[in-house]
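Counting convention: from 1, in listed order, for ligands and their atoms alike. In this text the structure is predicted, and so the values were computed from the model without any measurement.
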Amino acid sequence: MLIAPSLLSCDFSVMGQEIEIMDRSGADYMHLDVMDGHFVPNITFGAPVIKRVRKYTDKPFDVHLMISEPLKYIDDFADAGADIITFHIESDSDPWETINKIKSKGIKAGLVVKPKTPAKEVFPYLKDIDMVLVMTVEPGFGGQSFMADMMPKLAEIRKEAERINPNLLLEVDGGIGTDTIRQAYEAGADVAVAGTAVFKSEFPKKAISELKGLCK
Ligand code: DX5
Ligand code: ZN
């Protein structure tokens, strides 16, 4: 299992250092949660911040857009140094146009589904995308409880991807910790986002290796 610490739980006044700590602690990706206060009831940061912190690691930047009009901002996030951009299928932008725009920037494209959105909504796109992110909390805030009832959805997407696009990365986001990660792994996740579990731990390196150790 790859681990993507969510910077949403970091100390934003020293975001660069927090990224360096995660890099040294064995993080595989840096997960960056972009919220616009419209698609979700919270506001975080945008492309200028991502651009500034890009230099603190060589690890891939996994940018999760929780914004109403992702298509408008793909250039900005790609130019800021995103390696993967995921956006919500429930957003107002056309999925195909947005996927093609992301791919035209030479980076990986992914779709995100909120808890109430069924697996089949992403099926038409599986062949043409690199990642599906399944939310296991309602997007907007860190520190919420893992929704175990999303596991059949993960498994359903994994199964369809095996048929259509075996290289597809399946990511899970929300409430991941030592008590929940194994379920996500068994349901077919390859990448687990972890905010609270990693940042609120005194020893992030230990926290990340524990999470990985539970997925064997
Ligand atoms: C929620 C974000 C998550 C969040 C996860 O909208 O997409 O990435 O930071 O935080 P934890 O791991 O604390 O649930
Ligand atoms: Zn996220």
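Atom 9 (O) of ligand 1 has its closest protein heavy atom at Ser6 OG, 2.8 Å. Summary of contacts: the protein heavy atom closest to atom 12 (O) of ligand 1 is Gly195 N, 2.8 Å. Looking only at protein heavy atoms, the nearest one to atom 13 (O) of ligand 1 is Thr196 OG1, 2.4 Å. Shortest contact from atom 6 (O) of ligand 1 to any protein heavy atom: Gly140 N, 2.8 Å. The nearest protein atom to atom 14 (O) of ligand 1, hydrogens excluded, is given as Gly175 N, 2.8 Å; this is a heavy-atom distance.
Between Lys103 and Asp130 there is no salt bridge, since no side-chain N of the basic residue sits under 4.0 Å from a carboxylate O of the acidic one. A salt bridge is absent between Glu156 and Lys153: the closest approach of a Lys/Arg side-chain nitrogen to an acidic carboxylate oxygen does not fall below 4.0 angstrom. Taking a cutoff of 4.0 Å between a charged side-chain nitrogen and a carboxylate oxygen, Lys212 and Asp28 qualify as a salt bridge. Checked for salt-bridge contact, Lys116 and Glu90 miss the test: no charged N lies under 4.0 Å from a carboxylate O. For the pair Lys159 and Glu162, the salt-bridge criterion is not met [side-chain N within less than 4.0 Å of a carboxylate O]. Checked for salt-bridge contact, Asp83 and Lys105 miss the test: no charged N lies under 4.0 Å from a carboxylate O.
If you look at Asp173 next to ligand 1, the close heavy atoms, those under 4.0 Å, all belong to the side chain.
With ligand atoms numbered from 1 in the order given, ligand 1 contributes 7 (O) to contacts under 4.0 Å with heavy atoms of His64. Near Val193, meaning under 4.0 Å from one of its heavy atoms, ligand 1 places the atoms 8 (O). Close approach of ligand 1 to Met135 is summarised as follows: ligand atoms under 4.0 Å from at least one heavy atom of the residue are 7 (O). The distance from ligand 1 to the heavy atoms of Phe141 drops below 4.0 Å at these ligand atoms: 1 (C), 6 (O). Shown in contact with Gly143 at under 4.0 Å from a heavy atom are these atoms of ligand 1, numbered in order with element: 11 (P), 13 (O), 14 (O). For ligand 1, the atoms closer than 4.0 angstrom to any heavy atom of Met35 are 6 (O). Listed by number with element, the atoms of ligand 1 under 4.0 angstrom from any heavy atom of Ala194 are 12 (O). Close approach to Gly142 involves these atoms of ligand 1, each under 4.0 Å from a residue heavy atom: 10 (O), 13 (O).
The atom of Asp173 nearest to the Zn ion (ligand 2) is OD2, with the search restricted to N, O or S atoms. Per residue Asp33, closest N, O or S atom to the Zn ion (ligand 2): atom name OD1.
Lys206 NZ to Ser25 OG: the interatomic distance, rounded to the nearest 0.5 Å, is 13.0 Å.
In this structure, Lys59 places its NZ atom where more than 12 heavy-atom neighbours from other residues, nucleotides or ligands lie under 6.0 Å away. Around atom CZ of Phe12, more than 12 heavy atoms belonging to other residues, nucleotides or ligands sit under 6.0 Å away.
The cationic group of Lys216 does not satisfy the cation-pi geometry with Tyr185, failing either the under 6.0 Å distance to the six-membered ring centre or the 45° limit from the ring axis.
Under the 4.0 angstrom criterion for non-hydrogen atoms, Ala197 is not in contact with ligand 1.
Linking Ile, Leu, Val, Met, Phe, Trp and Tyr whenever their side-chain heavy atoms come within less than 4.5 Å leaves Leu71 and Leu111 in two separate clusters.
The Zn ion (ligand 2) is the vertex of the angle joining NE2 of His31 and ND1 of His64, which measures 100° to the nearest 10°.
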